[in-house]
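Report on the structure given below.
Both backbone and side-chain heavy atoms feed into the values below; hydrogens, waters and symmetry mates do not. Note that this is a predicted model, so its numbers are computed, not measured. In listed order, ligands and their atoms are each counted from 1.
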Amino acid sequence: MCGVIGVMGHPRAVYLSYLGLRRLQPRGQESAGIVATDGESLVQKRGMGHVKDVFTDAEITNWPAHAAIGHNRYSTAGDSTIDEAQPFMQQTKFGKVAICHNGHLPHTAEQARQLLASGHGLVSTSDTAVVLGLLSQSEKDNVVDAFIDALSQVEGAYTMLLLTRDKLVAARDPYGFRPLALGKLDEGWVVASETAAFQLFEGKYEREVLPGEVLILTRDQAPQSLYPFPTTQPAECLFEHVYFARPDSKVFGSPVSSERLRMGRRLAQEHPVSADVVVGIPDSGMGAAFGFHEESKIPLRLGLTRDHHMGRTFIDPNYEIRGLKVKYKLSPVPDLLDGQRVVLVDDSIVRGNTIMEIIEMVRKAGAREVHVRSSSPPVISPCYQGIDTKSKDELIAAHLTIEEIGREIGADSLGYLSREGLLWAVGDPEGKRHCTSCFTGVYPIRVEGGTSKNQHEMVST
Ligand code: AMP
C-alpha cells in the first residue's frame with residue numbers, strides 16, 4: 001500500500017504536497033519523496049523513513065514550484081532501499097519525467113528482462129520502473145500518449161501520477177483497485193489517494209478520478225479526461241474501507257467512518273452476544289466498535305489504550321516478554337475490564353497473532369469472557385493488487401474453520417462480518433464495484449495460484 005498526492009497550478013505546490021503526504025503517512029512508512037517543477041526543470045528529493053524526517057523545513061519552504069507529485073511507500077514489489085523510493089525520475093526523449101505509483105503490477109518481470117536485454121536501463125527493481133521504461137521506449141510522439149501506451153502494456157493495480165515540466169497526468173487502472181480523489185484548490189488542483197490529504201489545506205472535494213480515466217492537469221487549462229483503455233467491471237478494494245483508509249477520508253467517494261459504523265451495526269446483527277462491555281481495538285477497530293455498541297446497546301468502553309509515544313520496539317534477546325510488540329502499542333485498562341464479559345471488535349484478523357495477544361492481555365486484566373468480532377470476513381487469500389497481505393500459509397482463515405480459529409486464538413466466541421454484510425455496508429450490496437479476492441480467492445486479474453474471473457483481457461491500444 002502507498003499514498004500519492006499531486007498538486008498543479010499552486011505557488012506552494014511543494015508545501016501542500018508535503019502536508020498531504022504527512023496526512024497520508026499511515027499508507028506507507030518506508031520512504032517518502034517529492035518531485036516538483038517550476039515550469040523549467042524537475043527537482044527530486046527522496047529519503048527513507050517518515051515524511052517529517054525526509055524533508056527539512058527549509059527545503060519545503062524554499063522550493064519554488066507550481067506543480068509537484070509526492071509518494072509514501074509501503075513496498076509490495078522491489079527492494080526496500082533508497083533506489084526504490086518514489087517518485088522516480090528519468091531523462092527521456094520527452095524531457096525529464098517523474099512517476100509515482102500506488103498499486104502492484106504482478107506480471108512485469110518478463111518486460112523488465114526484455115527492456116534490460118534491449119539496452120534500456122531501469123531506474124529500480126520495482127514494477128513501477130517498468131512503466132517508466134516502457135514509456136521511454138514508446139514510439140508515440142508525446143508524453144501523454146507514451147504514458148498511455150506504457151500503461152496499456154501492463155496488467156494489475158495502478159493509481160499513477162506522472163509529472164513533466166508542464167503537466168501532471170493521473171491514471172487509474174480500468175478496475176480502479178486503488179483510490180484517487182480530485183480536489184479544487186484556491187489556485188489550481190490536487191489529486192490524492194484520500195481526501196484527508198487535502199482537507200487539511202481546504203481543498204474542495206470534486207470527484208473520484210474514475211477507473212480507467214487518464215486525467216491531464218496543466219497550469220492554464222481546465223482538466224482534460226481521456227478514457228483510452230477497454231472498460232471492465234470495476235474492482236475497488238474492500239480493504240480500503242475496512243482498514244487502510246483514514247476515518248476522516250472519503251475513499252472511492254464514500255465516507256469511511258460512516259461505513260465502519262455500518263459494518264459494526266451489521267456485525268452486531270449477524271453475531272449477537274450477551275456481554276457487559278464492547279471494546280474497540282485502537283485505532284482500526286474503533287469505528288466498527290461504535291456501530292456494534294449502537295446496535296447491540298451494550299456499553300462501549302475504552303478498555304484498551306493506544307500508546308502513540310513508545311516509538312520503535314527494542315526487543316532484548318536476553319529477556320523475552322510474551323506479545324511485547326502488541327503490548328508496546330496497546331495497554332489494557334483493568335478497571336474497565338475486570339470481571340466483565342467483553343466483546344472485542346477489530347477490523348480484521350490476518351495471521352491471528354495480534355488478536356491472540358490482545359485476548360491474553362484482556363484476560364490478564366480480569367475479563368471473565370472474551371468474545372471477538374471482526375468487521376471483515378475471513379481473509380483466505382493473498383492480495384496481488386497492492387496490499388502487502390501475507391502468503392496463504394500465514395493466513396489463519398486459509399487453513400482453519402471459524403470454530404477452530406476461535407479455539408486457536410483463545411476466544412469464548414468468534415464472529416466475522418459476512419461478505420454480503422460488508423458489501424452492504426459500503427453501499428454495493430450486489431458486489432458490482434468491489435474486489436473480493438482476499439475473501440474468496442477469485443481474482444479480477446490473472447494471478448499465480450489463484451482463480452481469475454477473466455473478466456477482460458487487457459489489450460494494447
Ligand atoms: P494479524 O492477524 O496479527 O496479522 O494482524 C491483524 C491486524 O493487522 C488487523 O487487526 C489490522 O489492524 C492490521 N492489518 C490488516 N491488514 C494489514 C496489512 N495488510 N498490513 C498491515 N497491517 C494490517
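- With a 4.0 Å heavy-atom cut-off, ligand 1 is reached by the backbone of V350 and by its side chain too.
- Taking a cut-off of under 4.0 Å to the non-hydrogen atoms of R351, the atoms of ligand 1 that pass are 1 (P), 2 (O), 3 (O), 4 (O).
- Between the side chain of H271 and the backbone N or O of Y416 there is at least one donor-acceptor pair closer than 3.5 Å.
- Near N353, the atoms of ligand 1 lying under 4.0 angstrom from a non-hydrogen atom of the residue are 2 (O), 3 (O).
- There is no side-chain donor-acceptor pair under 3.5 Å between Q29 and Q25.
- Interface atoms of ligand 1 facing D346, defined by a heavy-atom separation under 4.0 Å, are 10 (O).
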Determine, stepwise, if the pair I298 / D276 fulfils side-chain contact (heavy atoms from CB on, under 4.5 Å). CA-CA 6 Å; I298 300 170; D276 305 311; 5.8 Å; no
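- Ring pair Y18/Y15 is parallel by interplanar angle, where below 30° counts as parallel and above 60° as perpendicular.
- The part of S284 lying near ligand 1 is the side chain, judged by heavy-atom distances below 4.0 Å.
- The closest approach between a heavy atom of I387 and any atom of ligand 1 is below 4.0 Å.
- In summary, the side chains of R306 and S331 do not present any donor paired with an acceptor at a separation below 3.5 Å, with no hydrogens or angles considered.
- The proximity of D347 to ligand 1, defined as any non-hydrogen pair under 4.0 Å, is limited to the side chain.
- Between I349 and ligand 1, no pair of N/O atoms sits closer than 3.5 Å.
- A distance-only check finds no donor-acceptor pair linking the side chain of K250 to the backbone of A181 [under 3.5 Å].
- Heavy-atom proximity to Y74, at under 4.0 Å, picks out these atoms of ligand 1: 20 (N), 21 (C).
- The distance from ligand 1 to the heavy atoms of F239 drops below 4.0 Å at these ligand atoms: 15 (C), 16 (N).
- Side-chain contact of H241 with H434: a donor-acceptor pair under 3.5 Å is present, judged by distance alone.
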